[in-house]
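Structure record follows, encoded as C-alpha cells.
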Amino acid sequence: MVDNSVNNEQQKKANFIHVQIEEDLKNGKNGKRVHTRFPPEPNGYLHIGHAKSICLNFGIAQKFDGKTNLRFDDTNPSKEETEYVESIMNDVRWLGFDWEDRLYYASDFFQKLHDFAVQLIKEGKAYVDDQNAEVISSQKGTPTRPGEESPYRNRSVDENLDLFMKMTAGEFDEGSCVLRAKINMASPNMHMRDPIIYRIMKAHHHRTGDKWCVYPMYDFAHGQCDYWEGITHSICTLEFEVHRPLYDWFVDQLQDSDYRPRQIEFARLNLTYTVMSKRKLLQLVKEGHVNGWDDPRMPTISGLRRRGYTAESIRNFSDRIGVTKVDGVIDVSLLEYSVREHLNKTAQRVMGVLNPLKVVITNYPENESEELDAINNPEDPEMGSRKVPFSRELYIERDDFMENPPRKFFRLSPGTEVRLRYAYFVTCNDVVKDENGEITELHCTYDPASKGGNSPDGRKVKATLHWVSAKHAVKSEVRLYDRLFSDETPDGHEADFLEFMNPDSLQILPECYLEPFVKNARPLDHFQFERLGYFNLDFDSTAEKPVFNRTVPLKDSWAKEQNKG
RNA sequence: UGACCUGUGGUGUAAUUGGCAACACGUCUGACUCUGGAUCAGAAGAGUCCAGGUUCGAGCCCUGGCAGGUCAACCA
C-alpha cells in the first residue's frame with residue numbers, strides 16, 4: 001500500500017498552471033478532464049528535481065480530481081536500462097504517489113508511432129533523407145539565418161514509403177538515412193526546420209529487444225504518447241518551450257477529435273551547492289567519486305532517503321518552493337529546514353556520544369546499575385518515555401569538558417557541577433591523563449539526592465550534559481555527511497565541476513556510543529541524537545556493526561552562544 | 001542580433017475585477033528551557049529592471065527600451 005496523503009497543513013498555493021487548468025475547465029476543454037503524466041527517461045536515478053515534477057504532476061491530479069500516469073520515455077535504447085526503470089518506480093512510490101494501473105512506456109506505442117510515420121509519408125508530410133548528420137546540420141541554418149532544403153525533400157511518396165520500409169527492415173546502416181517531417185526550412189523556429197523523426201539504431205532495447213532498428217525521436221513520440229494516453233496537461237521543463245509549436249504540429253496531424261493535450265512548461269529546480277545534471281551525477285557514480293546512485297551525499301531520491309530525509313519533508317519542500325517560469329536557484333537551507341521541521345516533530349530522541357571521554361562516578365557502587373526515565377520526544381508526548389541505564393562508568397562528549405575553561409564555559413570542568421540529563425548532578429574532582437598529557441578519564445562524584453535531575457535543596461546548575469553508560473552503550477559507527485561540493489553553483493561549471501568537490505564530504509567516526517535503545521532500530525528509522533543532529537540507521541548496518549548516517553545537523557546557534565563569551 | 005520565454009527584499013514565492021507590496025527560508029535581537037540549532041516574542045531588509053503614458057490611484061493596463069534564459073543532438 002502506498003501512502004497517498006499529502007501534508008495539507010498549509011493550503012497549497014495556486015500557481016500559474018492551476019490558473020491555466022481552471023481556464024481550460026471553464027471552457028469545457030477535453031471534456032473537463034484533468035490527466036497528467038510523469039515521463040522520465042530510464043537513463044539514471046531520479047533526483048530531487050524530479051521530485052518537484054512528481055509532486056507537481058500528481059499534486060495537480062489530486063487537486064482537480066484527475067489522474068496521473070507513469071510513463072517511461074524509452075525511445076533511445078542506447079542509454080536506457082531496466083535497473084533504472086525499477087529504481088524510478090520504487091522512488092515514486094516511496095515519495096507517496098500511486099499511478100495505479102496506468103503504467104506506460106513510449107515503447108508500448110512503437111507500432112502506432114511507426115504507423116503514424118507511414119501516414120505522414122503518404123500525406124506527403126515526411127521524407128527519407130540520405131544525407132549524413134553533418135550535412136543535415138549545416139543545411140539547418142542558424143537561429144538568425146534560414147535553412148536550405150534537402151535535395152531529397154521532394155522524393156515521391158512511393159519512393160519514401162519504399163525507403164522507410166527498408167530502413168525498418170534493417171537494410172540500411174546506422175546513420176545512412178533518416179525520416180524527416182516536411183515542415184518549413186525557413187521557419188524562425190529551428191525545431192520546425194524539417195525535424196528528424198526516425199533514426200536507424202541497431203541497438204538492443206530493454207523492452208522490445210531487437211524487434212526494431214528504427215526508433216522515434218523525442219519530439220515525434222512525446223506528444224503522440226500524451227494523445228494516446230489521454231493526457232490533458234503535459235507538464236515539462238522550460239527548455240521545451242520552443243518545442244511546443246512542433247508538439248502541436250504533430251498532434252494536429254494526428255487529430256481526429258476535439259481532444260487536444262496542452263504542453264505547459266515550468267522552471268526546473270536548481271539548488272545551491274547541488275549538482276542536478278543527470279550526466280554529471282552519472283559521472284560521479286561511474287568514476288567512483290561516490291559509492292553509487294544512493295550514496296547519502298547524492299541529491300538522488302534514493303540518496304536522500306538513505307541519508308534519512310523523509311518523503312513528507314520532500315513533499316513539503318516541493319510545495320514551499322512553488323511553481324513558476326522564473327529560472328532561479330533555491331537555497332539548500334530551505335530543503336534542510338523542511339527536513340528538520342518534520343524530524344523535529346517525529347524523531348525519537350536518544351542520547352549519544354560521538355567523541356567519547358570516560359567518566360567514573362567514584363561514589364557510585366561498582367557492578368551496580370539502575371534505569372532512569374527519559375522522554376522520547378518533547379514535541380510529541382504520545383511517544384512516551386523509555387528507560388536509560390546508568391552506572392559507575394559513563395561516556396560524555398569530549399567537547400563537554402574543559403580543564404581550563406574560559407569565562408562563559410558552563411559545562412564540565414574541574415570543580416564544577418553539572419546535570420547529567422535525566423540522571424544526577426555530578427561534580428568533577430580529578431582529571432586523569434596519560435604520559436602524553438592527554439586526558440583519558442574524569443573522576444566525578446554524584447549527588448544521589450538529585451536523582452531524575454533535580455536537587456531537593458533547589459540549587460541550580462548551569463549546564464546539562466548528555467551521556468551514556470559505558471557498560472550498556474551500543475558501540476556504532478557514525479557517518480557525518482557534508483555537502484558534496486564547495487562551490488555554490490557547481491552545475492554552472494561544465495568541464496571542471498569536479499574541482500569543486502568537498503574533500504570533507506564524508507567523515508567516519510568509528511567509535512561512537514549510543515544508549516541501548518537504538519538496538520531496536522531498523523534501517524531508515526530516524527533519531528535525534530540530543531544536540532548533535534538528526535541521524536538514521538543505514539542499510540548497510542549489521543547487528544555487530546550498526547552504522548548511523550547524519551541526516552542533517554541542528555542549526556548552530558549553541559556554538560555561537562559559546563563563542564560570545 | 002531571428003523566434004520563444006522571464007524580470008517583485010539576500011533567496012524562493014504572494015498580491016480578488018488596478019486600491020497602503022504579503023508569506024516562508026535566511027539574518028539579527030530578546031525571553032524561556034533538564035539537550036536544543038526546538039519553542040515564544042520582536043527587528044532589520046524590496047517600493048516591484050528602466051523610461052514614458054492612461055488613471056483619483058499601476059507590481060498588475062499601454063508604448064519604448066534594458067537585462068537574463070532557451071533554441072542550430074540521428075539526446076530527452
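- Side chain of Val326(A), nearest nucleotide from rU13(B), rC71(B), rC74(B): rU13(B).
- The ring of Phe220(A) has its center closer than 6.0 angstrom to the ring center of Tyr198(A).
- The only member of Lys345(A), Arg349(A), Gln348(A), Glu382(A) that meets side chain to side chain donor-acceptor pair (under 3.5 Å) when paired with Asn377(A) is Arg349(A).
- No contact: Met351(A) has no heavy atom under 4.0 Å from any strand.
- Nearest to the side chain of Glu41(A), among rA76(B), rG2(B), rU35(B), sits rA76(B).
- At a threshold of 4.0 angstrom between heavy atoms, the contacts of Asn43(A) with the nucleic acid are absent.
- Comparing rG26(B), rC74(B), rC5(B) by their closest approach to the side chain of Tyr337(A) singles out rG26(B).
- Nearest-nucleotide positions on RNA chain B for Pro553(A) and Tyr422(A) put Tyr422(A) closer to the 5' end.
- Between Asp400(A) and Arg531(A) there is a salt bridge, with a side-chain nitrogen of the basic residue lying less than 4.0 Å from a carboxylate oxygen of the acidic one.
- Among the nucleotides rU35(B), rA14(B), rA38(B), the one closest to any side-chain atom of Asn15(A) is rA14(B).
- Test Tyr513(A), Phe529(A), Tyr481(A) against Phe548(A) for ring-ring contact (aromatic ring centres under 6.0 Å, His included) and you get one pass: Phe529(A).
- Between Tyr215(A) atom OH and rC74(B) atom P there is a gap of 18 Å when expressed in whole angstrom units.
- Between rU27(B) and rA46(B), the two C1' atoms lie 16 Å apart (nearest whole Å).
- Under a 4.0 Å N-O distance rule, the pair Glu530(A)/Arg421(A) qualifies as a salt bridge.
- rU35(B) and rC20(B) are spaced 45 Å apart, taking the C1' atom of each and rounding to whole Å.
- Between the P atoms of rC50(B) and rA67(B), the separation comes to 15 Å (whole Å).
- Interface residues of residues 195-206 of chain A facing RNA chain B, ordered by number: Ile196(A), Arg199(A); criterion, heavy-atom separation under 4.0 Å.
- Within 4.0 Å (heavy atoms only), Gln131(A) reaches at least one base atom of the nucleic acid.
- Residue Glu530(A) places a side-chain atom within donor-acceptor reach of the base of rU35(B), judged by atom type and a 3.5 Å distance cut-off alone.
- At the phosphate of rC75(B), neither OP1 nor OP2 sits under 4.0 Å from any side-chain N or O atom of Tyr218(A).
- No contact: Leu238(A) has no heavy atom under 4.0 Å from any strand.
- With no hydrogens or angles considered, a side-chain donor-acceptor pair links Arg386(A) and Asn376(A) at under 3.5 Å.
- Atom CD of Gln263(A) is separated from atom C1' of rA76(B) by 12 Å (rounded to the nearest Å).
- On the C1' atoms, rU48(B) is 16 Å away from rG19(B), given to the nearest whole Å.
- Side chain of Thr144(A), nearest nucleotide from rA24(B), rU1(B), rA76(B): rU1(B).
- Checked against rA76(B), rC25(B), rA72(B), the side chain of Thr75(A) finds its nearest nucleotide in rA76(B).
- Taking every side-chain heavy atom of Pro143(A) into account, rC71(B) is the closest of rC71(B), rU6(B), rU1(B).
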Item to check | From CA spacing to verdict: side-chain contact (heavy atoms from CB on, under 4.5 Å), Leu163(A), Arg155(A) | outcome: CA-CA 10 Å; Leu163(A) 288 169; Arg155(A) 290 218 250 224; 3.2 Å; yes
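- Taking the side chain of Ser333(A) as heavy atoms from C-beta on, and the options rC25(B), rA76(B), rC74(B), the nearest nucleotide is rC25(B).
- Taking the six-membered ring for Trp, His222(A) and Tyr218(A) have ring centres closer than 6.0 Å.
- The neighbour count for Lys325(A) NZ, taken as heavy atoms of other residues, nucleotides or ligands under 6.0 Å away, is above 12.
- Pairs passing the salt bridge (Lys or Arg N to Asp or Glu O under 4.0 Å) check and including a residue from residues 76-85 of chain A, sequence neighbours excluded, do not occur.
- Listed in residue order, the members of residues 266-274 of chain A having a heavy atom less than 4.0 Å from RNA chain B come to none.
- As rounded to whole Å, 10 Å separates atom C1' of rA73(B) from atom NE2 of His191(A).
- Rounded to whole Å, the P atom of rU17(B) lies 29 Å from the corresponding atom of rG52(B).
- Checked against a 6.0 Å centroid threshold, the rings of Phe72(A) and Tyr105(A) count as neighbours.
- Summarising the local packing, CZ of Arg145(A) is surrounded by 12 or fewer heavy atoms from other residues, nucleotides or ligands at distances under 6.0 Å.
- Judged by closest nucleotide on RNA chain B, Arg244(A) is the one of Arg349(A) and Arg244(A) placed further toward the 5' end.
- Among the atoms of the strands shown, base atoms are found under 4.0 Å from some heavy atom of Gly175(A).
- Checked against rU35(B), rC5(B), rC75(B), the side chain of Thr464(A) finds its nearest nucleotide in rU35(B).
- In this structure, rG64(B) is classed as anti because its glycosidic torsion departs from zero by more than 90°.
- Rounded to whole Å, the P atom of rU8(B) lies 15 Å from the corresponding atom of rC61(B).
- Looking at RNA chain B, the stems built from 3 or more consecutive Watson-Crick or G-U wobble pairs, each pair with its key distances under 3.5 Å, are B:2-7 with B:66-71, B:10-13 with B:22-25, B:27-31 with B:39-43, B:49-53 with B:61-65.
- Atom name C1', nucleotides rG7(B) and rG42(B): the rounded distance is 33 Å, in whole Å.
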Identify all side-chain donor-acceptor contacts of residues 329-336 of chain A below 3.5 Å with residues at least two apart in sequence or on another chain.
residue: Asp331(A); atom: OD1; partner: Ser333(A); partner atom: N; Å: 3.0
residue: Asp331(A); atom: OD1; partner: Ser333(A); partner atom: OG; Å: 3.1

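- A donor-acceptor contact under 3.5 Å is not formed by the side chain of Asp327(A) with the base of rG68(B).
- In this structure, a donor-acceptor pair under 3.5 Å is absent between the side chains of Thr310(A) and His526(A).
- Distance noted for atom C1' between rG45(B) and rA21(B): 14 Å (whole Å).
- For rC74(B), the OP1/OP2 oxygens have no side-chain nitrogen or oxygen of Ser137(A) closer than 4.0 Å.
- Under the 3.5 Å distance criterion, with hydrogens and angles disregarded, a donor-acceptor pair is assigned to the side chains of Asn76(A) and Ser78(A).
- OP1 or OP2 of rU13(B) has at least one side-chain nitrogen or oxygen of Thr324(A) nearer than 4.0 Å.
- For the residue pair Gln528(A)/Tyr534(A), the side-chain donor-acceptor check at 3.5 Å is satisfied.
- A donor-acceptor pair under 3.5 Å is formed between the side chain of Ser187(A) and the backbone N or O of Asn189(A).
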What N/O pairs connect the protein and nucleotides 41-46 of chain B at under 3.5 Å? Give each pair on its own line.
none

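- Whole-Å rounding puts the Phe527(A) CZ to rG36(B) C1' distance at 19 Å.
- The side chain of Leu334(A) sits closest to rC25(B) out of rC74(B), rC25(B), rG36(B).
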